[in-house]
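Worksheet: one structure, shown below.
Computed from a predicted structure; not experimentally measured.
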Amino acid sequence: MEKQKITGAKALIESMLKEGVDTIFGYPGGAIMPAFDALYDYDKQLNHILTRHEQGAAHAAQGYARVSGKVGVCLVTSGPAATNTVTGISDAMLDSTPMVVITGQVGAALLGTDAFQEIDVVGITQPITKWAYQIRRAEDIPWAVARAFYIARTGRPGPVVLDITKNAQFQEFEFEYKPITHIRSYIPIPEVDPVQVKVAADLINSAQRPYALVGQGVLLSEAEAELKAFLEKADIPAAWTLLGASAMPTDFPLNVGFLGMHGNVAPNIKTNECDVLIAIGMRFDDRVTGNLAKYAKQAKVVHLDIDPAEINKNVKADAPVLGTAKETLPALTALLHPAKHTEWIESFREVDKQEFEKVIKRELHPESDEMTMGEVIRKISEATNHNAVVVTDVGQNQMMAARYSNYNIPRSLVTSGGLGTMGFGLPAAMGAKVGAPHRTVVMYSGDGGFQMTIQELGTIMQEQLGVKMVILNNHFLGMVRQWQEMFFDERYSFTEMQNPDFVAIAKAYRINGTEVLKREELDAAIADMLKDDKPYLLVVNVEKKGMVYPMVPAGASVTEIVLGE
C-alpha cells in the first residue's frame with residue numbers, strides 16, 4: 001500500500017489521533033497556524049477547547065490528565081504563548097502530571113535571528129520537562145510525537161514539550177506512524193528486586209508500630225486495591241499526602257488522615273513514634289517532613305517508589321523498593337504475616353479527639369456569626385455525597401478543602417502541590433470537567449487566586465462546562481496574611497484586597513451565581529448550585545481573619561504542631 005503524502009501540520013494531528021488524543025486545550029497564533037488550519041478538518045474526531053490564556057490551556061490540560069489518567073495536550077504558538085505555558089509545565093513536572101505541550105516556532109531559516117516571536121523554547125523548558133525537543137523537518141513529526149507521548153505517560157509521568165518550526169508544518173512527506181514502546185537508556189519502570197522486597201517485609205513483620213504514608217504514586221499506578229490489601233493484611237494505619245488524597249476512601253478504617261504542614265495532628269506526631277515507616281509513592285516533601293533533622297529518627301524506613309532519584313534524597317531508606325506500586329505492593333503483601341495493631345491504631349484516634357475539640361469543632365460548628373471555610377466545604381462535600389471531584393486553587397482554600405472534603409472515589413482531589421500555583425483552580429477545574437464529564441466538579445478558590453485566571457470564565461461560557469465555582473471570600477490573601485499574623489507581628493503588608501462584584505462578572509459571562517452573606521442562606525445556595533449541570537458561581541463571604549490550624553511552622557519538627565492561639 002502506497003504511503004500517503006501529507007503536510008507536517010496534518011501529520012501532527014494524525015499522530016495525536018494514533019496516540020488516542022480526544023481533547024486539546026489551546027490558543028492559535030502565527031507560528032502554529034498551519035496546525036490549527038489542519039485541525040479545522042478534524043472537528044468530529046478531536047475536541048479543541050479555546051482557552052482565554054495559554055497558562056489556562058496548560059492548567060486545563062493538567063486537570064484533564066489528573067482525573068482521566070490520560071495525557072493532557074496543549075497546543076499554542078511561539079514566543080509569549082510558549083512562555084505563558086511555563087508555569088503549567090513547571091507545575092506538571094513537580095506533580096508528576098502527564099502532559100504534552102506543543103508550541104509553534106519560527107521557520108528553521110530564521111532560527112537564531114531574534115525573529116518576531118522567536119524564543120528558545122527548548123532552552124527554557126529543558127529543566128522543567130522529562131523531554132523537550134525542537135522539530136525542524138516534517139518527516140520527524142511522527143517519531144517525535146510517538147516519543148513524546150511515550151515519555152509523558154510512562155514511568156513517573158510528567159510534561160514533554162515539542163517545539164515545531166513553521167516550515168515543518170508546511171512541508172509534505174510520506175506519512176507513516178510507528179508507536180514507540182522502548183527507548184534505549186530510558187527505564188520507566190525499574191525491575192522489582194525480590195531481595196529488597198524481602199528486607200522490607202521482614203522489617204514490617206517485626207514492627208510493633210508500623211505506619212504507612214500514602215502518596216500520589218498509588219493513584220498514578222492505579223494501585224488503590226493493592227494498597228487496601230496490603231494495609232488490611234498487616235493492620236497498618238495509613239495517612240495520605242496532599243496529592244495522595246482519595247487513594248483511600250475517607251471512611252476506610254485504616255485511614256488515619258492528612259499529613260503535612262496543615263494536616264491532622266495524629267498523622268504528623270505519630271511519624272515520630274512509629275518503629276517502621278512505610279512510604280508508598282511519595283517523595284518526603286518538606287511540607288510533610290518539617291525539620292528533617294528531627295524527622296522519624298527512631299524508625300526504620302521502607303520506601304516504595306518508581307523513581308530512583310527519590311530514594312535517599314531527603315530521608316535515608318533502610319529498605320528501598322523500586323518499582324510501580326501496582327507491582328511492589330502485591331509482592332510485599334505476599335510476604336507479610338497477618339497481624340493486629342489495635343492499640344497502636346487506637347492511639348491515633350485518641351489524638352483525633354483532641355484535634356476535634358481544639359480545632360475541628362470550632363471550624364465546623366463556629367459560635368461566631370461569621371462563616372468559616374471549613375463549614376462551607378463540609379456542607380458541599382455532604383451535598384455531593386462525597387463523590388465530587390474537588391479542585392482547588394492555592395492558599396487557605398486549598399488546605400481547608402483537603403482537610404474538610406471527604407472522598408469516596410479515587411482521583412477526587414486536583415490541586416497544585418509542588419509548585420503551589422495561584423490561579424491553578426479555575427482552568428484546572430475546566431479540564432477536570434472535560435476529563436470526567438459524568439462527575440460533579442467543585443472548585444474552591446480564594447478571592448486572590450480566582451482573579452489570576454478569571455478570564456477563563458469565557459472558556460466556561462463558550463463550552464458550557466458545568467463547573468461549580470466556589471469563592472471563599474475573605475478580602476485578603478489569606479495564607480500570606482496568616483503568616484504575617486503569626487511570624488511578622490501582624491504587619492499586613494499588601495495582603496488586604498478590595499474585590500469586584502464577582503457575581504456580576506459571572507453574569508456578564510452568562511453564568512449564574514449568587515453571593516452568600518449569612519449562614520442561613522448557605523444551604524439553599526448550595527442546593528441551587530448543584531441542582532443541574534450548568535456552570536455556577538457561589539461566592540461565600542467567610543471570616544476575614546480565619547486561620548488554618550493545625551500548623552507545623554516552617555523549620556519545626558512534625559511534633560511541634562500548633563493547634564491555635
Distance-only side-chain donor-acceptor flag, [X] / [Y], under 3.5 Å:
X	Y	result
D95	Q62	no
T372	R362	no
E355	N264	yes

Between [X] (side chain) and [Y] (backbone), is there a donor-acceptor pair under 3.5 Å?
X	Y	result
R439	N387	yes
R66	T415	yes
H262	M399	no
D447	H475	yes
T453	G56	no

- Check whether more than 12 heavy atoms from other residues, nucleotides or ligands sit under 6.0 Å from atom CZ of R519, and answer yes or no. yes
Paired with S96, the side-chain hydrogen bond (donor to acceptor under 3.5 Å, both in side chains) test is passed by just one of R283, K130, R156, Q216, namely R156
Which of Q462, Q455, E456 passes side-chain hydrogen bond (donor to acceptor under 3.5 Å, both in side chains) with R52? Answer is Q462
Any side-chain heavy-atom pair of M497 and Q451 under 4.5 Å
yes
Ring pair (Phe, Tyr, Trp, His ring centres under 6.0 Å) test vs F258 passes for just one of Y404, W240, Y407, namely W240
Practice problem: Please assess T495 against Q484 for the test side chain to side chain donor-acceptor pair (under 3.5 Å), listing each intermediate value before the final yes or no. | Solution: CA-CA 9 Å; T495 45; Q484 287 172 336; 2.9 Å; yes
From the list F36, F25, Y42, side chain to side chain contact (heavy atoms under 4.5 Å, CB included) with H48 holds only for F36
S381 vs N406, side chain to side chain donor-acceptor pair (under 3.5 Å): CA-CA, chis, key distance, verdict: CA-CA 6 Å; S381 186; N406 289 349; 5.0 Å; no
